[in-house]
Each structure stands twice: as C-alpha cells, then as structure tokens.
Amino acid sequence: MKKISIAIHGGAGTLLKEHMSATKEREYQLNLEKALTAGYNALATGGSSLDAVEIAIIELENSPLFNAGKGSVFTAEGTHEMDASIMEGKERQAGAVSMISGVKNPIALARLVMEKSEHVFLAGAGAEAFARSMDCSFESKDYFFDELRYQQWQEVKGTDQIKLDHSISKENKFGTVGAVALDQYGNLAAATSTGGMTNKKFGRVGDSPMIGAGTYANNATCAVSCTGSGEFFIRGVVAYDVSCLMEYGGMSLEKACALVVHERLLKLGGDGGLIAVDVAGNTSMTFNTDGMYRASMNANGEKIIAIYK
Ligand code: ASP
C-alpha cells in the first residue's frame, strides 16, 4: 500500500497534567483514539483524505469533550455559533461555513459548500438555509447545551473578555478540532471545526473557517489545521505561511511548522498550535502552549496520542 498518514487535534491551551483527573485524561485519550481510528480506517480501506478528515472531525464534533458541534462554547448572548472549513490539496478546492447554529455537523456542511455549491464560504442564516436545502441534520438547543460550557460562560458573562475554552478554567479543558490526512492516491486534505471562543460577540469569527489562516491544503506542500487565539492566526495567515515556507523557502515540514509556531506566531503574541502532514506522509504536531490534544498515525502503524508538552 502507498503511504497513508493522519493527524488530529482537539485544541491547544493551558493543559496541565496537575489540573486533569486520571478519568478525564482517559476520556480524552479514548475520544482522540476513536476519531483517529475512524479516519485511519477510511484511509486504509481506500478512502480519500477528504473522507478521512471529515469522518475524524464528525467523531470529535459528536463528542461533548471538544469545542465543536456538540460541546460548542457559548457566545455572549448565550447561543452557539459554529465555524468550520475543509480543503483538498489536488485542485485546492475548499468549503467553509461561519456563524451557523443548529447544524449537527458543521464540517459536513463545509464539505457540501465545496462540492455542491459554486461558493467557498457561506455564513449565518444563508449557510443554514443552504444546509436545509442539502437535508443536513439539525439539532435542538438542548443537544448543544453542555453544563461545563455553561459554567465557563458564567465566569466571563457580562464582561468584555473572550476566552479560549480550554484555557479558561483549571478543571475544564476542551477544544477546537482539526484533522489532516494523506491518502494512498497522494492527495492531502485538511479540516477544522469550532464553536469559537467563549463569550464572543459582535459576530466575532476566528481563524478556523478561514482558508489560509486556520486550514490549508496543497499537494505541492502540506495540509494544515490550526488551533489557538484565532485573531493571531488570521494576522499570521498561519496555515498558508507553513505551506509557503515549504514551497518558496524549500523548508521541511517540521522546520516550517517550528518557525511559524515558535517564532513568527509568538512575535505577534499568538498562542496555540497546529497539526500538519506533507506529501511524504510526515506529520508535525507543533504548539507553543502547555498542551494540545493530539493524535497521529502513519503507514507504519506508528501511533501517537498525547495531551501535554
Ligand atoms: N482558533 C479558534 C478560534 O479562534 C479557537 C480554538 O482554537 O479553540 O475561534
């Protein structure tokens, strides 16, 4: 079989072992493993990298542990506004949605935007109308309600603070989710899905649905999915920056990721991390925070599941 490779993340932030119970840690590991295996199996049975990243993300969106789909954080108005994007590296086609509510799996909608519309980016009520026209599953407010997320919001409700969900309190850590993959046809894909930042208002949108900032894929270089304080990732055009350093600067994946995350992003004041895979199947999971929920598996069956530095 030709090389296949996949990496996923569940958010980066102030993740410290001393703040996590053994049970919670195990729960995260199990959920990461489930999503990783689902994506990997898709690749191993001949599926495309697009299928693999979508399948892995749907697993993570359906878990309340992560800040995407079920488990999305609360906005300042007490609602959920979700963002997602997906990109494939062969034709560089992409789809993205932003500020959507009620859609069970935002990543599936982003893929439909890519494959079934003439557009790349749909937002708000229009994106929801498109979802209905595509027969996407919708869920009630109750489905998206999560007690811990609600408590996180209570901590900053009524203030001007917006918070990364997984850094907000010592006990409760969750995160934006992402996946990158290389399939046996040599094609790369990347996808990211999030509820954004707790207590966000004024229609705030982060990097996750923005092609080039939070998500990017190009068969000539790599596929990247980011997590962290979105404003900095937008200003640094982080996912594309990694690709550019490889394409124009001739850097290896690992070098490009390290330079972007540990130098260029830090210079802007940005905290977070990213996962990336290149056309040779190398993966990188790089972050400048205390931890990042992450997992990867390659063609040699080498598997990593990790949380802390
Ligand atoms: N990057 C996301 C955003 O700014 C947040 C995250 O990664 O958790 O919306």
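Keep in mind the model is a prediction, meaning the values are calculated, not measured. Whatever order the structure lists ligands and atoms in, that order sets their numbers, starting from 1.
- Taking distance alone, with nitrogen or oxygen atoms compared against 3.5 Å, Gly196 stays at or beyond that limit from ligand 1.
- Close contacts of ligand 1 with Arg204, meaning ligand atoms under 4.0 Å from a residue heavy atom, involve 3 (C), 4 (O), 9 (O).
- Both tests pass for Lys70 against the ring of Tyr143: distance under 6.0 Å to the centre and angle within 45° of the axis.
- Polar contact with ligand 1: absent for Thr194 (N/O pair, distance under 3.5 Å).
- Note: no N/O pair closer than 3.5 Å links Asn67 and ligand 1 by distance alone.
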Pair up each side-chain donor or acceptor in residues 128-139 with any protein partner under 3.5 Å, not counting sequence neighbours, and list the distances.
| from | atom 1 | to | atom 2 | distance (Å) |
| --- | --- | --- | --- | --- |
| Glu128 | OE2 | Ser101 | N | 2.8 |
| Ser133 | OG | Phe130 | O | 2.7 |

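- Polar contact with ligand 1: present for Gly228 (N/O pair, distance under 3.5 Å).
- For Thr176, a nitrogen or oxygen atom sits less than 3.5 Å from a nitrogen or oxygen atom of ligand 1, counting backbone and side chain alike.
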Compile the donor-acceptor pairs under 3.5 Å between side chains in residues 48-59 and protein atoms, sequence neighbours left out, one pair per line.
| from | atom 1 | to | atom 2 | distance (Å) |
| --- | --- | --- | --- | --- |
| Ser48 | OG | Leu50 | N | 3.4 |
| Ser48 | OG | Asp51 | N | 3.0 |
| Ser48 | OG | Asp51 | OD2 | 3.3 |
| Ser49 | OG | Asp183 | OD2 | 3.3 |
| Ser49 | OG | Asn187 | O | 3.0 |
| Asp51 | OD1 | Arg111 | NH1 | 2.9 |
| Asp51 | OD1 | Arg111 | NH2 | 3.2 |
| Asp51 | OD2 | Ser48 | N | 3.4 |
| Glu54 | OE1 | Arg111 | NH1 | 2.8 |
| Glu59 | OE1 | Lys34 | NZ | 3.4 |

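- Of the N and O atoms on the side chains of Asn298 and Ser5, not one donor lies less than 3.5 Å from an acceptor on the other residue.
- Interface of Ser208 with ligand 1, defined as ligand atoms under 4.0 Å from a residue heavy atom, comprises 1 (N), 2 (C).
- The shortest N or O to N or O distance between Asp207 and ligand 1 is below 3.5 Å.
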